[in-house]
Amino acid sequence: MQDISKETSSKIISKSPKSKFVKIITSLAFWVVLGIAAGIAVGMALPDIGVASKPGIDWFIKALKALIGPIIFLTIVSGIIGLESMKELGSIGLKGFIYFEIVSTIALAVGILFGEVLKPGHNMHLDYTTLDPGSVEKYTHIDKDVGSVWAILKSAVPSDPITPFLTSNTLQVLFMAIVTAVIISFLKHEHKKKILKPLEIVQHWVLKLLTILMLFSPVAAFSAMAFLIGKFGIDSLLGMLELLFVMAAASLFFIFGVLGLICYLVKVNIFKFMRFIAKEVLVVFATSSSETALAPLMQKLEAAGIHRGAVGLIIPTGYSFNLDCTNIYLSLSVIFLAQAFGIPLSIEHLIQILIILMVTSKGAVGVTGSGFIVLAGTLAALPSAGIPVVTVAVLLGVDKFMSEMRAVGNLCGNAVGCLIISIWDKKVDMEKFNYALNHPEEFNFHA
């Protein structure tokens, strides 16, 4: 009689209903979903308690921000030192720049296309003279250099080496990490090894802290959703339901259509890839913040076979220059406001909007409240279109809900961007990566 091997037995046991149930309830994703559902219920039934739960998400994000700077710095420095030459760094940087420019411009075009085809504001018939200019005053004081190369360069150079870590200024940490790594790269091999060893030890313990912190993400998800619904209510959702639907449709089209096609060209299944980063997407959706998944995403992509130097350089840079769904939001919002206030736009105006947003959208780099600031700056730069800056006030109530879509879309866009640029530069172990896509559960230990 043939014996059943231990391996076969374990496979049979793992497929039992009981083990599947245990696997589900011990999954972090299950508790995040539960946190979201409970948060929505509390926000609707007990809005005061929902609003009072805000510190839960605030402290979670503060704790994450404290780790983001060191993780980015250590990942980039160790990754660049691990590259064979500075030529490789330049190659990744150039390909990243080309990819970001092309894809972010396509995202702007997707926003315009969906706005023009689905017309979310065509039946609103609003009058901008009834709006209070004071409600958007803090968004309208715009530096004329916002979005310019000079403004971006200025914002990238820190005034001191400590503040960027305290404030989680991704762009400035990125700048310092690249400069540090380039300097170390010119040292002799034995000196580089001596520097790299303690850096890797520190990185190991920082990532351990991240793993522990992510266990609190269900609490953060509950707090964020309870506050969001409790503060703004379901009514604000219903009032702008059509705009939210169009934004969601445009974002999904971009992720599964545009990014799906790009992935198809390099023989990667977008659905498998989205399943692979599903936990990070879920946490970002619940917290409305891309920062909550930046470090876990970097960790997961590196574990899946993408070179540490490529992950460390592309992901943080992408969060500054490749905010795809923020671009969709900006172009769609301009079209929506024109329709809502009955302001006709010609083909020339649409082309102008696309060109101006290609510049002003870069103003989102390191700017708090950047969505409204850049949107206001775009309207101010389009006097011929005749859309008053004060019209952005109608978006204030619904912006918190749209920020969830922006955050999720930006995460997906940067994850795909990192993959494509790394494949283009031959910085991916494709055998390991394909295994990760087919066995995502084995790569969820960090998130």
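Since we're looking at a predicted model, the values are computed, not measured.
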Least distance between heavy atoms, [X] atom then [Y] atom:
| X | Y | result |
| --- | --- | --- |
| C325 | M405 | CB-O, 4.1 Å |
| L354 | T105 | CD1-O, 4.1 Å |
| A221 | I36 | CB-CG1, 4.1 Å |
| A224 | A286 | CB-O, 3.1 Å |
| C418 | I315 | CB-CD1, 3.6 Å |
| P120 | V246 | CB-CG2, 3.8 Å |

Report the C-alpha separation of Q299 and E280 in whole Å, then their side-chain angles, then the decisive distance to 0.1 Å, and conclude whether the side-chain contact (heavy atoms from CB on, under 4.5 Å) test is met. CA-CA 11 Å; Q299 208 177 358; E280 288 71 29; over 6 Å; no
Judged by atom type as modelled, is there a donor-acceptor pair below 3.5 Å linking the side chain of [X] to the main-chain atoms of [Y]?
| X | Y | result |
| --- | --- | --- |
| S251 | M247 | yes |
| N410 | D324 | yes |
| Q339 | G115 | yes |
| H349 | S346 | yes |
| K279 | V32 | no |
| S217 | M214 | yes |

Is any side-chain heavy atom of [X] closer than 4.5 Å to a side-chain heavy atom of [Y]?
| X | Y | result |
| --- | --- | --- |
| F222 | L34 | no |
| I421 | F100 | yes |
| E242 | H122 | yes |
| L243 | L395 | yes |
| S53 | V42 | no |
| I262 | V266 | no |
| E116 | L113 | no |
| L419 | V268 | yes |

Does the pair I178 and L313 meet the rule for a side-chain contact (heavy atoms from CB on, under 4.5 Å), with working shown? CA-CA 8 Å; I178 292 173; L313 189 61; 3.6 Å; yes
Rounded distance (nearest 0.5 Å) linking atom [atom1] of [X] with atom [atom2] of [Y]:
| X | Y | atom1 | atom2 | value |
| --- | --- | --- | --- | --- |
| I112 | I351 | CD1 | CD1 | 9.5 Å |
| C263 | I255 | SG | CD1 | 11.0 Å |
| F273 | L301 | CZ | CG | 5.5 Å |
| R406 | I328 | CZ | CD1 | 11.5 Å |
| Y99 | N322 | OH | CG | 6.5 Å |
| L210 | Q203 | CG | CD | 11.0 Å |

Look at the rings of F271 and F256 and say which category their plane angle falls in: under 30° parallel, 30 to 60° tilted, over 60° perpendicular.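 Plane angle under 30°, so parallel.
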Using a 6.0 Å cut-off, check whether atom CG of L261 has over 12 heavy atoms from anything other than its own residue.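 Counting neighbours around CG of L261, more than 12 heavy atoms of other residues, nucleotides or ligands fall under 6.0 Å, so yes.
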Report the C-alpha separation of V103 and F254 in whole Å, then their side-chain angles, then the decisive distance to 0.1 Å, and conclude whether the side-chain contact (heavy atoms from CB on, under 4.5 Å) test is met. CA-CA 10 Å; V103 177; F254 180 80; 3.6 Å; yes
I would like to know whether I102 and I106 meet side-chain contact (heavy atoms from CB on, under 4.5 Å); could you show each step before the answer? CA-CA 6 Å; I102 292 172; I106 292 172; 4.0 Å; yes
